[in-house]
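Notes for the one structure printed next.
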Amino acid sequence: MSLRPPLKLGILGSGRGSNFIAISDTIHAGRLNASVEIVISDLADAPILQLAQQRGYKTWSCPKGNFKTKLEPEIEEQLAAQLKAANCELIVLAGYMRVVKTPLLAAFPGRIINIHPSLLPAFPGLNAWEQALTACIAQTGCTVHFVNEVVDGGSIIAQTKVPILPDDTAETLHARIQVEEHKLLPAVIRQISEGKIVLDRH
Ligand code: GRF
């Protein structure tokens with residue numbers, strides 16, 4: 001049994017929430033000493049929020065801003081305040097589709113991680129699995145990395161390779177990448193919770 005208290009997580013997502021479910025399931029299975037303190041979305045109707053509510057987690061959705069790719073600074077301040085009020089120690093971007101800016105980075109320096117569906121630094125940005133298919137390469141994968149001001153540009157923590165098969169479509173490739181994401185992200189959070197990965201300060 002772990003002597004450390006559970007690592008308090010704040011989870012941000014904009015979509016289906018399958019990575020959030022993987023984290024939650026791993027905690028419930030007793031394989032991750034962490035607790036989900038709050039789940040936040042920038043989209044009020046995102047499935048991740050409904051899933052979180054069904055599981056009894058505290059949720060919050062951002063006020064609707066004027067941009068699709070980022071939050072206005074005052075909205076991101078509110079988001080950071082929600083995470084602080086929930087005493088979050090590690091912020092996990094699990095399919096969060098906005099660029100993270102100074103208010104959140106400054107509130108949690110070196111304490112924000114992201115899962116990205118490619119072997120970074122290859123294919124940052126949107127639809128990375130489609131970028132990999134178009135590039136006609138033999139393999140792609142997924143990456144967990146620290147978040148800084150560069151989109152998908154923070155230091156890499158861990159990666160898993162996924163082969164690209166001759167008959168892959170964008171859908172089949174993304175589905176196989178997600179199978180690996182669901183193992184990699186909880187595994188990295190576990191290593192952080194056990195002190196085996198030291199949180200970045202940059
Ligand atoms: C994942 O492929 C993740 O790598 C990317 O967005 C997707 C989120 O999927 N950043 P889900 O919402 O966790 O199912």
Side-chain angles (χ1 to χ4, degrees), residues 9-28 32 34 36 38-55 57 59-62 68-71 79 90-101 104-105 112-135 139-165 168-190 192:
L9 307 177
I11 298 188
L12 272 58
S14 310
R16 288 195 312 133
S18 68
N19 279 286
F20 151 65
I21 292 295
I23 294 164
S24 173
D25 284 350
T26 310
I27 292 170
H28 282 288
L32 174 56
V36 175
I38 189 167
V39 178
I40 293 179
S41 184
D42 55 312
L43 300 173
D45 58 355
I48 189 172
L49 281 184
Q50 292 153 23
L51 289 167
Q53 285 156 6
Q54 285 163 13
R55 290 182 175 224
Y57 295 117
T59 62
W60 187 73
S61 65
C62 298
K68 274 198 166 163
T69 57
K70 63 178 182 179
L71 298 175
L79 192 162
L90 179 71
I91 312 308
V92 181
L93 308 190
Y96 179 67
M97 299 306 287
R98 308 262 180 157
V99 178
V100 174
K101 297 290 192 180
L104 190 52
L105 291 170
I112 309 174
I113 63 172
N114 180 45
I115 178 93
H116 182 78
S118 77
L119 296 175
L120 289 171
F123 312 128
L126 291 177
N127 299 337
W129 59 93
E130 285 182 5
Q131 297 185 51
L133 260 188
T134 305
Q139 65 179 13
T140 182
C142 51
T143 301
V144 178
H145 64 93
F146 287 106
V147 173
N148 64 12
E149 61 287 345
V150 180
V151 175
D152 301 324
S155 55
I156 291 169
I157 303 170
Q159 296 183 308
T160 304
K161 292 173 182 161
V162 175
I164 300 178
L165 305 179
D168 258 333
T169 63
E171 290 71 32
T172 59
L173 181 56
H174 189 209
R176 284 209 321 290
I177 293 170
Q178 287 224 285
V179 170
E180 298 306 324
E181 289 182 348
H182 299 159
K183 296 180 217 162
L184 186 66
L185 186 54
V188 166
I189 298 169
R190 183 186 312 121
I192 292 172

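Along the sequence shown, residues are numbered consecutively beginning with 1. Note that the structure is a prediction, hence the values are computed from the model and not measured. Whatever order the structure lists them in is the order used to number ligands and atoms, beginning at 1.
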Completion exercise
ligand 1 atoms nearer than 4.0 angstrom to some heavy atom of R16 are 12 (O), 14 (O)

Exercise for the section: Heavy-atom contacts with I115 under 4.0 Å: which atoms of ligand 1 show up? List them by number with element. Expected result: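 Ligand 1 atoms under the 4.0 Å threshold to I115: 3 (C), 4 (O), 5 (C), 10 (N).
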
Problem - Matching residue for H182 among D25, I177, N19 - test: side-chain contact (heavy atoms from CB on, under 4.5 Å) - result: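 With H182 as partner, D25, I177, N19 yield a single side-chain contact (heavy atoms from CB on, under 4.5 Å), made by N19.
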
Distance from [atom] to nearest protein heavy atom, with residue and atom:
atom                    : answer
atom 12 (O) of ligand 1 : G17 N, 2.8 Å
atom 8 (C) of ligand 1  : G95 CA, 3.5 Å
atom 1 (C) of ligand 1  : E181 OE1, 3.2 Å

Handout entry: Any residue meeting side-chain contact (heavy atoms from CB on, under 4.5 Å) with L32, in chain and number order, not counting sequence neighbours
Key = I23, T26, I27, A34, I189, R190, S193

Practice task
Determine, for K68 against D42, whether the closest basic-nitrogen to carboxylate-oxygen distance falls under 4.0 angstrom.
Solution key: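 Salt bridge absent between K68 and D42.
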
Practice task
Return a yes/no value for S18: is any of its N or O atoms, backbone included, closer than 3.5 angstrom to an N or O of ligand 1?
Solution key: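 Yes - when backbone and side-chain N and O of S18 are compared with those of ligand 1, one distance drops under 3.5 Å.
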
Exercise for the section: Could you establish whether H174 and ligand 1 come within less than 4.0 Å of each other, counting only heavy atoms on the residue side? Expected result: yes

Practice task
Would you please determine whether G13 falls within less than 4.0 Å of ligand 1 on a heavy-atom basis?
Solution key: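 So G13 does not count as touching ligand 1.
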
Exercise for the section: Measure the shortest side-chain to side-chain distance between L79 and W60 over non-hydrogen atoms and say whether it is less than 4.5 angstrom. Expected result: yes

Fill in the blank from the handout: Residues E181 and P117: closest non-hydrogen pair is OE2-CB, 3.5 Å

Practice task
Check each heavy atom of Q178 against ligand 1 and say whether those closer than 4.0 Å belong to the side chain, the backbone, both or neither.
Solution key: side chain

Problem - From Q54 atom CD to I21 atom CD1, the distance as rounded to the nearest 0.5 Å - result: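 If I round to the nearest 0.5 Å, the distance is 8.0 Å.
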
Problem - I112 CD1 to L12 CG distance, which is reported to the nearest 0.5 Å - result: 8.5 Å

